Number of protein chains: 2
Amino acid sequence: MSITHLQSFVAVAEEGHVGRAALRLHITQPPLSRHILALEDELGTPLFERVPKGMRLLPTGEALLQHARRILEEVEVAARTVREAAGASRPPPA
Amino acid sequence: MSITHLQSFVAVAEEGHVGRAALRLHITQPPLSRHILALEDELGTPLFERVPKGMRLLPTGEALLQHARRILEEVEVAARTVREAAGASRPPPA
DNA sequence: CACGGTTACGGGGAACGTAAATATC
DNA sequence: GATATTTACGTTCCCCGTAACCGTG
């Protein structure tokens with residue numbers, strides 16, 4: 001379970017469509033599809049139902065979505081916090 | 001900032017020593033050292049002070065440590081939750 | 001010169017993108 | 001036949017481990 005895979009998962013969950021999510025992430029469909037398959041394989045359960053229009057979240061996927069969003073948010077906050085801590089202790093470059 | 005890098009960071013922070021952290025993670029020192037350097041490069045600031053005995057956390061590192069632990073915990077919870085959700089909906093294999 | 005972290009370097013695996021295949025309507 | 005995902009396949013890139021190097025007590 002990598003951060004990249006979680007980003008991919010959230011994008012597909014929100015778009016309901018691998019193709020559109022791929023455009024949004026600036027990658028092509030196959031690697032993105034593989035990210036989802038890898039997550040499903042790792043967790044041992046499908047996360048989406050494949051419907052003619054695209055991808056629809058299953059209950060397992062709904063559960064993951066909440067955690068994934070929180071994790072990605074935490075990562076953002078962590079990076080920002082460290083940079084702020086660095087800026088606070090380091091004298092301004094002027 | 002990958003999950004692997006965060007795991008490496010926490011191990012080094014807790015051991016205060018790249019060599020011992022590497023043993024704990026079952027990898028060799030060079031890749032582990034590179035994980036730390038990559039994090040420091042990505043965040044634009046050192047996270048450890050290199051002392052003769054090993055690695056000592058800087059304030060920036062202290063800040064990251066809290067977030068890193070939380071993120072890793074969240075990842076654990078996410079995986080467990082999804083597996084539980086899968087088990088609840090899937091009939092027992094007996 | 002012992003100890004600890006880092007850099008050099010080569011090889012194997014991971015992951016991308018193009019193209020082809022599959023499935024559903 | 002159009003749309004959407006997945007698989008095949010070739011190539012590139014990343015990352016590990018071994019070995020060598022650097023800095024400090």
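Quick caveat, the model's predicted, so the values are computed rather than measured. Quick note: numbers below take in every heavy atom, side chains included, and nothing from hydrogens, waters or symmetry partners. Labels below follow one simple rule: chain letters A, B, ... track the order of the sequence lines, proteins then strands, and each chain is numbered from 1.
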Protein-nucleotide distance (B:I27, atom CD1; C:dG12, atom C1'), rounded to Å: 17 Å
Could you tell me if the side chain of B:L47 sits less than 4.5 Å from the side chain of A:V82, heavy atoms only? yes
Spacing of B:E40 atom CD relative to C:dG5 atom P, expressed in whole Å: 12 Å
Compare side-chain N and O positions of A:S33 against OP1 and OP2 of D:dT5 and report whether any pair is under 4.0 Å apart. no
Integer-rounded Å distance: D:dT18 P and B:L32 CG: 15 Å
From the candidates D:dC9, C:dG5, D:dG17, the one with an atom nearest any side-chain atom of A:R34 is D:dC9
What is the separation between atom CG on A:L25 and atom C1' on C:dC16, rounded to the nearest whole Å? 14 Å
Per B:P30 side chain, nearest of listed nucleotides D:dT6, C:dC16, D:dA19: D:dA19
Pair A:E40 + A:R50, salt bridge at N-O below 4.0 Å: yes
Counting just side-chain N and O atoms, does B:H35 come under 4.0 Å of either OP1 or OP2 of D:dC15? no
By nearest atom, which of the nucleotides D:dT7, C:dT7, D:dT24 is closest to the B:L37 side chain? C:dT7
Of the candidate nucleotides C:dC25, D:dT6, C:dT6, which contains the atom at the shortest distance from the side chain of B:R50? C:dT6
If the threshold is 4.0 Å, N to carboxylate O, is there a salt bridge linking B:E74 and A:R69? no
A:L39 atom CG is separated from D:dT6 atom P, nearest whole Å, by 12 Å
4.5 Å side-chain heavy-atom contact, B:F48 and B:T60: no
How would you label the contact of B:I36 with the nucleic acid (heavy atoms, under 4.0 Å): base, sugar-phosphate, or nothing? nothing
Of the options C:dG17, C:dG5, D:dT5, whose atoms approach the side-chain atoms of B:H17 most closely? C:dG5
Nearest-Å distance, CZ (A:R56) to P (C:dT24)? 18 Å
Does some side-chain heavy atom of A:L25 sit less than 4.5 Å from a side-chain heavy atom of A:S8? yes
Between D:dT6 atom C1' and A:Q29 atom CD, what is the distance in whole Å? 11 Å
Length of the line joining A:D41:CG and C:dA15:C1', which is rounded to integer Å: 16 Å
What's the closest nucleotide to the side chain of A:T28 if the choices are C:dT18, C:dG4, D:dG17? C:dT18
On DNA chain C, check which nucleotide each of A:P52 and B:G19 is closest to and give me the residue with the more 5' one. B:G19
